[in-house]
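Written below as structure tokens is the structure these notes are about.
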Amino acid sequence: MEDLKSAARSAKKRLKSDFWQKCKKDVDDGAEAAREKGLNESKIKSKLYGRVKQSIKGEKPDAFYLKVKELLDTCGEVSDAIGRLTDREYYEKLSYDEKQRYTLELSEKYLAALEKYRREKEMNI
């Protein structure tokens, strides 16, 4: 019951603060900017709608993605990205097989984050 009350309070607060008007303006501005740059408007709108949903749900951006984004912004694409992203303290405690699995999982996450980063840069978001 408390969750429902909390959700209702948040919704009421959004209505009072013109949250939805600001969101609509942001989406419209983003679509206009995409149109001017010759980008796909629907992709931009979908990305912006996703951000609105995240802010409503209170989700925080993925910490790993933010770490990758910082690395790419400062150093660009480097050959030792996996090494730089590895949690050394955790890695040293793993067995050989676990280290291999950790490295593969980290590599997979890095490639997904890199693709997301490239899409955002392409859309200039």
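No hydrogens, no waters, no symmetry mates; every other heavy atom, side chains included, goes into these values. Since this is a predicted model, take the numbers as computed values, not measurements.
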For [X], what residues pass the side chain to side chain donor-acceptor pair (under 3.5 Å) criterion, not counting sequence neighbours?
{"X": "Thr74", "value": "none"}
{"X": "Tyr117", "value": "Asp73"}
{"X": "Glu98", "value": "Ser95"}

Can you measure from CG (Leu66) to CG (Leu71) and round to the nearest 0.5 angstrom? 12.5 Å

Spell out, yes or no, whether Leu111 and Tyr102 are grouped together once hydrophobic residues are joined by side-chain heavy atoms under 4.5 Å, including indirect joins. yes

Spell out, yes or no, whether Ile82 and Leu94 are grouped together once hydrophobic residues are joined by side-chain heavy atoms under 4.5 Å, including indirect joins. yes

Sorted by first residue and then second, give each salt bridge (Lys or Arg N to Asp or Glu O under 4.0 Å) pair with at least one member in residues 76-93; sequence neighbours left out. Glu77-Arg118, Asp80-Arg84

I need the full list of salt bridge (Lys or Arg N to Asp or Glu O under 4.0 Å) pairs touching residues 19-31, with sequence neighbours left out, sorted by first then second residue. Lys24-Asp28, Lys25-Asp29

Hey, is the main chain of Thr103 close enough, under 3.5 Å, to the side chain of Ser107 for a donor-acceptor pair? no

Not counting sequence neighbours, which residues clear side chain to side chain contact (heavy atoms under 4.5 Å, CB included) with Val68? List them please. Phe64, Leu72, Leu85, Tyr110, Ala113

Name the atoms and distances for all side-chain donor-acceptor pairs under 3.5 Å in residues 7-18, with sequence neighbours left out.
| residue | atom | partner | partner atom | Å |
| --- | --- | --- | --- | --- |
| Ser10 | OG | Ser6 | O | 3.1 |
| Ser17 | OG | Lys13 | O | 3.1 |
| Ser17 | OG | Arg14 | O | 3.3 |

State which residues pass salt bridge (Lys or Arg N to Asp or Glu O under 4.0 Å) with Glu32; sequence neighbours excluded, sorted by chain then number. Arg35

Under a 3.5 Å cutoff, is there a donor and acceptor pairing between the side chains of Tyr65 and Glu120? yes

Tyr96 meets the ring-ring contact (aromatic ring centres under 6.0 Å, His included) criterion, sequence neighbours left out, with none

